[in-house]
Amino acid sequence: MAPPTIRLYDTLSGAIQTLQPRQGVRVGIYACGPTTYAPIHIGNARPYVVFILLRRYLAALGYEPTLVVNLTDINDKIYAAASAAGTESGAHAEAMIALYRAETGALGLGRPDHEPKATEAIAAIIALIEELIGSGHAYASQGDVYFAVRSFADYGKLSNRDPAEMDQGEERGSDEKKRDPLDFALWKAHKPDEDTWWASPWGRGRPGWHIECSAMAEGLLGTDFEIHAGGIDLAFPHHENEIAQTAAARGVGPARIWMHNGMIETVDEKMSKSIGNVFALGEAIERYGAETVVAFLISGHYRGPLAFSVAALESIAAANERIRDFFRTHPEQDGAARADPRLERARVDFEAALAEDFNTPKALAVIYELIAAANREPIAGAAATLRGLLDLLGLAGLADVDERDAADPAAAALLAERESARAGRNFARADAIRDELAGLGWEVRDLADGPRLVRRA
RNA sequence: GGCGCCUUGGCGGAGUGGUUACGCAGCGGCCUGCAAAGCCGUCUACGCCGGUUCGACUCCGGCAGGCGCCUCCA
């Protein structure tokens, strides 16, 4: 049985497109990952979360997705950061990669299928550059190699720019090596203060930013693959240049659908390292928990901007607590999923929301509506169904309330003491114990089947 | 200046040519020994001005405000 039809917005065509794999149910997804020069922030985590969940969703539908998230581990900013830290640039990049893996790993969403590093793709990069030079789309100049933008007729299609009208900017020293100000670097000659370089036909140097993605994406997914993704800020020049490189060399573009996520915004600025307006991912996870961070990042449609604030995170944390409370009062039952029409309805609506341009906030609304219905009147199998839906959004941990609320012996003893006080109608004593438990981080709930301790954040 | 996007109720955030999105917060009630959780009810919406239409928040035009990119920011 063929998997359901998936529709996704494609920046290149400017329209919603149906996902049409090259071959059967295999779906290649390449999402541009971080430049590993500093700890990542919430904004960097958005594409990571969105596209790893897209892979999870496609897999659940019966597709066979392969997700590639690259690591840009050679870059001006890495040189600068390493120099400032007094370390070697390669070691600095490795340290940042380790941190990135630890922090994104803490989100509990698994890893991409491949996480290639630019520095491990140098041979493929050089080969691709040589192809471009051979076909007249690129030229060497004083140790640099540039892509000749005007040799590629479709340049500007992705970002809807006309090269003839593009602002050519101020002339700068390095531009003297270019034949045309629009040209961009494929290879950069080694500079004296750079401690990492590779040998190449054009001398010592290192790759430009865009060429690594053309080379690594092709190596792992081929050309004309299904989905290329990244932040909207990468549409130009990064993705535009990537298309130019691959299409000029291979005669076909890198990907069929170009997905771009919107920016995380604070009060009035996008969340960007370059303006120092950061909220570190690691700190967010530590303070609010992985489920809060994940739920926040999917609380808005991936294409739109998303407002970041402490209040927003706290609102999401409260919403997650509502989900946990459902599982506290409705333990999952053993056995097969029930066939209640309300559960079937929820599954259908949930899937439909994601099938139409991955509308995660709409899918979350389905979850809340099912919870409300099941709180009103028990629905056999609701908990199991909800866990399944939550899992598709990376939030199955919200169902693990027994582990979260596992009480220490002291708290359990206090709870028992409160119960005996209540049995003796000594409410003053019972309430005093409740206050004491509250001081220890425990909230007491007198449920139908007895009292329960609930862990407060 | 060029290209693109956005403007929904206290906050966050979906969606649709005519019907409650959803969540958080607030208020009233039910439940509770009292709470909590839950349930019920409830308040503040679709930037402004025109147009199309039987009817627009939802389509078209203009205006205002905001955002992204314009060579290396997800």
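Note on naming: letters A, B, ... go to the chains in the order of the sequence lines (proteins, then strands), and numbering restarts at 1 for each one.
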With rounding to the closest Å, how many angstrom separate the P atoms on B/G13 and B/C24? 16 Å

Atom-pair distance (CG on A/Asp357; P on B/G13), nearest Å: 17 Å

With a 4.0 Å cut-off on heavy atoms, is A/Arg422 in touch with a base, just the backbone sugar-phosphate, or nothing at all? base

Any side-chain donor paired with an acceptor under 3.5 Å for A/Tyr302 and A/Asn359? no

By the 4.0 Å heavy-atom rule, please label A/Ala311 as base, sugar-phosphate, or nothing. nothing

Both A/Ser309 and A/Ala185 contact RNA chain B. Which one's nearest nucleotide lies toward the 5' end? A/Ser309

Nucleotide paired to B/G28 in any strand shown, Watson-Crick or G-U, under 3.5 Å: B/C40

Does either side chain, that of A/Glu242 or that of A/Ser214, offer a donor lying less than 3.5 Å from an acceptor on the other one? no

Quick one: is A/Lys77 getting a side-chain N or O under 4.0 Å of the B/C73 phosphate, OP1 or OP2? yes

Looking at every strand, decide which applies to A/Phe184 at a 4.0 Å heavy-atom threshold: base, sugar-phosphate, or nothing. base

Could you check how far CZ of A/Arg161 sits from P of B/G4, rounded to whole Å? 10 Å

So, do A/His137 and A/Phe152 have ring centers that fall under 6.0 Å from each other? no

Please tell me which of the listed nucleotides, B/C70, B/G38, B/A21, lies nearest to the side chain of A/Ala365? B/A21

Pairing partner of B/U58, by Watson-Crick or G-U wobble and under 3.5 Å for both distances, is none

Out of B/A74, B/C24, B/A36, minimum distance to the side chain of A/Ala319 belongs to B/C24

Side-chain H-bond candidate by donor/acceptor type, A/His260 with A/His239, under 3.5 Å: yes

Can you check the distance between B/U20 and B/A14, where both ends of the measurement are the C1' atom (answer in whole Å)? 13 Å

Starting from C1' on B/G38, measure out to OH on A/Tyr368 and report it in whole angstrom. 16 Å

Which part of the nucleic acid, if any, lies within contact of A/His210, taking any heavy atom under 4.0 Å across all strands shown: a base, the sugar-phosphate backbone alone, or nothing? nothing

In whole Å, what is the span from the CE atom of A/Met263 to the P atom of B/G13? 15 Å

Nearest-Å distance once atom C1' is located in both B/A56 and B/G65: 22 Å

Taking the six-membered ring of A/Phe427, is NZ or CZ of A/Arg422 closer than 6.0 Å to its centre and within 45° of its axis? no

Choosing from B/G12, B/C22, B/G33, which nucleotide comes nearest the side chain of A/Glu369? B/C22

Tell me: CZ of A/Phe236 to P of B/C5, nearest whole Å? 17 Å

Phosphate oxygens OP1/OP2 of B/C5: is one of them under 4.0 Å from a side-chain N or O of A/Arg303? no

Map A/Tyr155 and A/Thr329 onto RNA chain B by nearest heavy atom, then report which one ends up closer to the 5' terminus. A/Thr329

With respect to the side chain of A/Asp325, which nucleotide from B/G23, B/G38, B/A74 is positioned closest? B/G38

Between C1' on B/C22 and CZ on A/Phe350, what's the gap in Å once rounded to a whole number? 14 Å

Is it possible for you to check whether A/Arg150 lies under 6.0 Å from the centre of the six-membered ring of A/Tyr155, through NZ or CZ, and within 45° of that ring's axis? no

With respect to the side chain of A/Arg445, which nucleotide from B/A37, B/G15, B/G68 is positioned closest? B/A37

Regarding A/Ile316, tell me which of base, sugar-phosphate or nothing describes its non-hydrogen contacts under 4.0 Å with the strands shown. nothing

For a quick check of understanding: with a heavy-atom distance under 4.0 Å over all strands, which category does A/Glu314 fall into, base, sugar-phosphate or nothing? nothing

Do you see a donor-acceptor pair shorter than 3.5 Å between the side chains of A/His114 and A/Asn70? no

Identify whether any heavy atom of A/Asn375 sits under 4.0 Å from a base atom; if not, whether one sits that close to sugar-phosphate; answer base, sugar-phosphate or nothing. sugar-phosphate

Between B/U16 and B/C6, how far apart are the two P atoms, rounded to whole Å? 13 Å

Does A/Ala235 reach a base, just sugar-phosphate, or nothing at all? Heavy atoms under 4.0 Å. nothing

Do A/Arg434 and B/A35 share a donor-acceptor pair, side chain to base, under 3.5 Å? yes

With the side chain of A/Arg376 defined as its heavy atoms from C-beta on, choose the nearest nucleotide among B/C40, B/G23, B/A37. B/C40

Closest to the side chain of A/Phe427, out of B/G33, B/A74, B/A37, is B/G33

Ignoring hydrogens and angles, does a donor from either the side chain of A/Asp446 or the base of B/C34 sit under 3.5 Å from an acceptor on the other? yes

A/Arg179 to A/Tyr139, cation-pi by 6.0 Å centre distance and 45° axis angle: yes

At 4.0 Å (heavy atoms only), tell me whether A/Ala372 reaches a base, stays on the sugar-phosphate, or touches nothing. sugar-phosphate

Considering just the side-chain nitrogens and oxygens of A/Asn359, establish if one lies under 4.0 Å of OP1 or OP2 belonging to B/A14. no

Determine whether the aromatic ring centres of residues A/His228 and A/Tyr30 are separated by less than 6.0 angstrom. yes

Whole-Å distance separating the CG atom of A/Asn426 from the P atom of B/C34: 16 Å

Which nucleotide sits closest to the side chain of A/Ala318: B/G13, B/A74, B/A25? B/A25

By the 4.0 Å heavy-atom rule, please label A/Gly208 as base, sugar-phosphate, or nothing. nothing

Is there a donor and acceptor pair, one atom on the side chain of A/Arg322 and one on the base of B/G23, closer than 3.5 Å? no

Give a yes/no on whether any side-chain N or O of A/Arg418 is located under 4.0 angstrom from OP1 or OP2 of B/A35. no

Measure CG/A/Leu234 against C1'/B/G4 and give the value in whole Å, please. 15 Å

Of the options B/G68, B/G23, B/G33, whose atoms approach the side-chain atoms of A/Ala430 most closely? B/G33

Taking the side chain of A/Asp431 as heavy atoms from C-beta outward, which of B/A74, B/C34, B/A36 is closest to it? B/C34

Mind checking if A/Arg429 touches a base, just sugar-phosphate, or nothing, with heavy atoms under 4.0 Å? nothing

Is there a Watson-Crick or G-U wobble partner for B/U7 with both distances under 3.5 Å, and if so, which one is it? B/A64

Under 4.0 Å from OP1 or OP2 of B/G4: is there any side-chain N or O of A/Asn160 that close? yes

